[in-house]
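Here's the structure, in structure tokens; my notes come after.
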Amino acid sequence: EGLKEKLKTIDPPQGLMLPPPNTYIPSSLELNRNVPPDCRVPQISKPCSPPILLSSAPWGRLFHKLDDRYALPISYASLLIRSPKSCHSSNGEFSLKRETLGQLYVSAFEHGMKSVFYEAGIAGMGYGVGSTRGGVSLKCHGYSDKLGEFCGDVLRRFANDDIKEEWFKVVQERKVRSLKSFYKERPDYYASFLEGLCLEPEKGSIDDMVEAMEGAKFEEVLQWKKEVLKDHKDRFIDLTYMGNVDSDEAKDLFDRVGHVLGTEGFGENGDGQVSCMAKETRLMDEGREYRIHVQSKNEDEENGAVTVLFQGKEQSFTGRNSNEGLRGTASLKLVGHMLREPLFNELRTKQTLGYIVSSNLESHFSATNNKVSKVDAVGITVVSKKADPSDIVDRIDKFLLDFTGILKSMPESEIENHKSSLYKKMLDPWKKLHHEASDAAGRIRRYAPEGLGDIPWDPAPTLAEEITKLTREDMLRSWETLVVGRERSRIVTCVHGKLFPYKGNIHGKVGLSASMFGAGGKKVLTSVGD
């Protein structure tokens, strides 16, 4: 106290002054008064409970959960402004141009706000703005005491203030440069992009993206924001607020959001069914196979890359009110769990093909009239400079056939060990609040347009229990149907490095379109539009 009094008597040097108070520094780090006594110590082994629908209005919904697991003075807010106009034209078709305008606007906003919210970052706050095919997302996290204020300030800036043209130009130049350097990245990135282009041909080639990015005008970006935020008829808001915040604080932020964005003119779509954010993935016809061969555009790249994707046909398990697809999805999860180590040991360790050998399970989503469909898929990736990509494909195919034999001969005790290991892994709850909150917000984003009573908050226990009931025949049936059977559907993508250049005839660009997904046969693409 004596030192503080002494400092008050000292005249500061001319021109030197203390900065203004940082208003985002929390005044309290206490747990919310409504947190139950038994939840005031960390309980991360406790099963996660979902957020509840706390408020519903014609213009939006509020989902809330008071933390009962982490005992930390932090919270997470996820705001989703659903709007088909973010990435779709007036006729409802996906528009690469509108997607590009959205990416430019949110990136320019974040670039321009670095100095504005610098103090918030020092105070432990953070945020991110994104433009997706279903709308605009704003995610904020930090100390609960100031998070509502911080989130409101970011939203107010985004909604009421336009970006500056100099911000736009900086971001545009940066994004164009990044796209043009794409071919300098690892070859498996290129292979994955081409694979994705088969499943989502409307998203455009790298050249298409560069053209859209270079052609974007500042005035068009400003108009994009106006159309997405101001057209209430085609807009709906979902706010998810989780952590050390009670229901009153959650409602207060919800009211702030409504005040900033406006709540008038709603009604026509006031049930959340404005747009579904499920990624639109094309489903291949049964028995269809595509082989894509391209030469790497990086002349110095020695490595080649192979990706092989097997796509299922039957509806997979989502965890909603129906158990449709439960046995098949559980079988593939178990087989995928068993596949990784033998695949790596054979192709990476024994055959020393390359420094990347991996497998993964994927979920492919599509949506019609806001009804979400989901199918399972298995992907394999190899990056190598030891063999021609075509030879690598043959080696992968041989291994997959051999793996069928492994499944047939594997001792029952080993199968039970895999079941037990996967069961425990799937029941392991989230360890961090932002992971739990992000998962909940993602499920609201994907499934809520269909109806609140059908959101699969936590399908893992049902899947885990089903895994314990699987038989060897179940696994073989799923494996043979998806991967090695005659009716399998797959995409094989080969990117050739300079050590094993592509020797086929490059006869011009071949576009990837919906017409490629016809019935029967195999199609070899010798070149793909850039």
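Predicted model, so just to flag it, every value in this text is computed and none were measured. What you see below is based on every heavy atom in this structure, not just the backbone, and it leaves out hydrogens, waters and symmetry mates.
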So, for [X] and [Y], is the gap between ring centers shorter than 6.0 Å?
X: H337; Y: H418; answer: yes
X: Y76; Y: Y241; answer: no
X: F254; Y: W59; answer: yes

Kindly give the heavy-atom pair with the smallest separation between [X] and [Y], and that separation in Å.
X: A159; Y: L229; value: CA-CD1, 3.9 Å
X: A57; Y: F236; value: O-CE1, 3.9 Å
X: R490; Y: V492; value: NE-CG2, 3.6 Å
X: P187; Y: V383; value: CG-CG1, 4.2 Å
X: A440; Y: W457; value: O-CZ3, 3.7 Å
X: S192; Y: T307; value: OG-CG2, 4.1 Å

Would you say that [X] contacts [Y] through its side chain, given a criterion of any heavy-atom pair below 4.5 Å between the two side chains?
X: P461; Y: M426; value: no
X: V136; Y: V129; value: yes
X: M338; Y: M410; value: yes
X: Y447; Y: T318; value: yes
X: K408; Y: L476; value: yes
X: E99; Y: F94; value: yes
X: L155; Y: L261; value: yes
X: I491; Y: M284; value: yes

Review point. Can you check salt bridge (charged side-chain N to carboxylate O under 4.0 Å, His left out) on R40 and D67, steps first, answer last?
Key: CA-CA 10 Å; R40 290 182 171 270; D67 172 38; over 6 Å; no

**Study point:** Partners meeting side chain to side chain donor-acceptor pair (under 3.5 Å) with Q43 (sequence neighbours left out)
**Key:**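 Not a single residue meets the side chain to side chain donor-acceptor pair (under 3.5 Å) criterion with Q43.
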
Revision key, fill the gap. The side chain to side chain donor-acceptor pair (under 3.5 Å) partners of S86 (sequence neighbours excluded) come to none

For [X] and [Y], indicate whether the former's side chain and the latter's backbone hold a donor-acceptor pair under 3.5 Å.
X: S316; Y: K374; value: yes
X: T329; Y: F317; value: yes
X: R348; Y: G354; value: yes
X: R61; Y: L53; value: no
X: S144; Y: P73; value: yes
X: D285; Y: R288; value: no
X: E414; Y: P411; value: no
X: R235; Y: R82; value: no
X: H64; Y: V245; value: yes
X: N244; Y: N32; value: yes

Practice item. Taking atom types as modelled, find out whether E93 and H88 have a side-chain donor-acceptor pair closer than 3.5 angstrom. Key: no

Review point. Do S489 and Q311 get their side chains close enough for a donor-acceptor pair, meaning under 3.5 Å?
Key: no

Rounded distance (nearest 0.5 Å) linking atom [atom1] of [X] with atom [atom2] of [Y]:
X: L194; Y: L199; atom1: CG; atom2: CG; value: 11.5 Å
X: N34; Y: C39; atom1: CG; atom2: SG; value: 12.0 Å
X: L138; Y: S78; atom1: CG; atom2: OG; value: 8.0 Å
X: F344; Y: I356; atom1: CZ; atom2: CD1; value: 10.5 Å
X: I380; Y: I392; atom1: CD1; atom2: CD1; value: 12.5 Å
X: L283; Y: K313; atom1: CG; atom2: NZ; value: 7.0 Å

Exercise for review: List the steps, then state whether side-chain contact (heavy atoms from CB on, under 4.5 Å) holds for K175 with S107.
Suggested key: CA-CA 9 Å; K175 285 185 173 293; S107 296; 3.1 Å; yes

Could you check whether [X] pairs with [Y] (Lys NZ or Arg NE/NH1/NH2 to Asp/Glu carboxylate O, under 4.0 Å)?
X: E289; Y: R291; answer: yes
X: K398; Y: E346; answer: no
X: E436; Y: R69; answer: yes
X: R133; Y: E202; answer: yes
X: K85; Y: E227; answer: no
X: E412; Y: K419; answer: no
X: D208; Y: K97; answer: no
X: R477; Y: D474; answer: yes
X: R443; Y: D439; answer: yes
X: R327; Y: E466; answer: yes

Exercise for review: Using side-chain contact (heavy atoms from CB on, under 4.5 Å) as the criterion, point out the one residue from L239, D238, I52 that pairs with F63.
Suggested key: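 Option passing the side-chain contact (heavy atoms from CB on, under 4.5 Å) with F63: D238.
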
Is it the case that over 12 heavy atoms from other parts of the model lie below 6.0 angstrom from the [atom1] atom of [X]?
X: K431; atom1: NZ; result: yes
X: E185; atom1: CD; result: yes
X: K225; atom1: NZ; result: yes

Exercise for review: Please lay out, stage by stage, how L104 and W224 fare under the test side-chain contact (heavy atoms from CB on, under 4.5 Å).
Suggested key: CA-CA 10 Å; L104 284 168; W224 172 89; over 6 Å; no

Practice item. Could you walk me through whether T493 and E195 pass side-chain hydrogen bond (donor to acceptor under 3.5 Å, both in side chains), step by step? Key: CA-CA 6 Å; T493 308; E195 178 185 280; 4.8 Å; no

Check your understanding: Checking ring-ring contact (aromatic ring centres under 6.0 Å, His included) for the pair Y127/F158: CA distance, chi angles, key distance, verdict?
Key -> CA-CA 12 Å; Y127 79 97; F158 185 80; 9.6 Å; no

Practice item. Could you please spell out the steps behind the salt bridge (charged side-chain N to carboxylate O under 4.0 Å, His left out) verdict for D255 and K251? Key: CA-CA 6 Å; D255 291 340; K251 289 178 180 177; over 6 Å; no

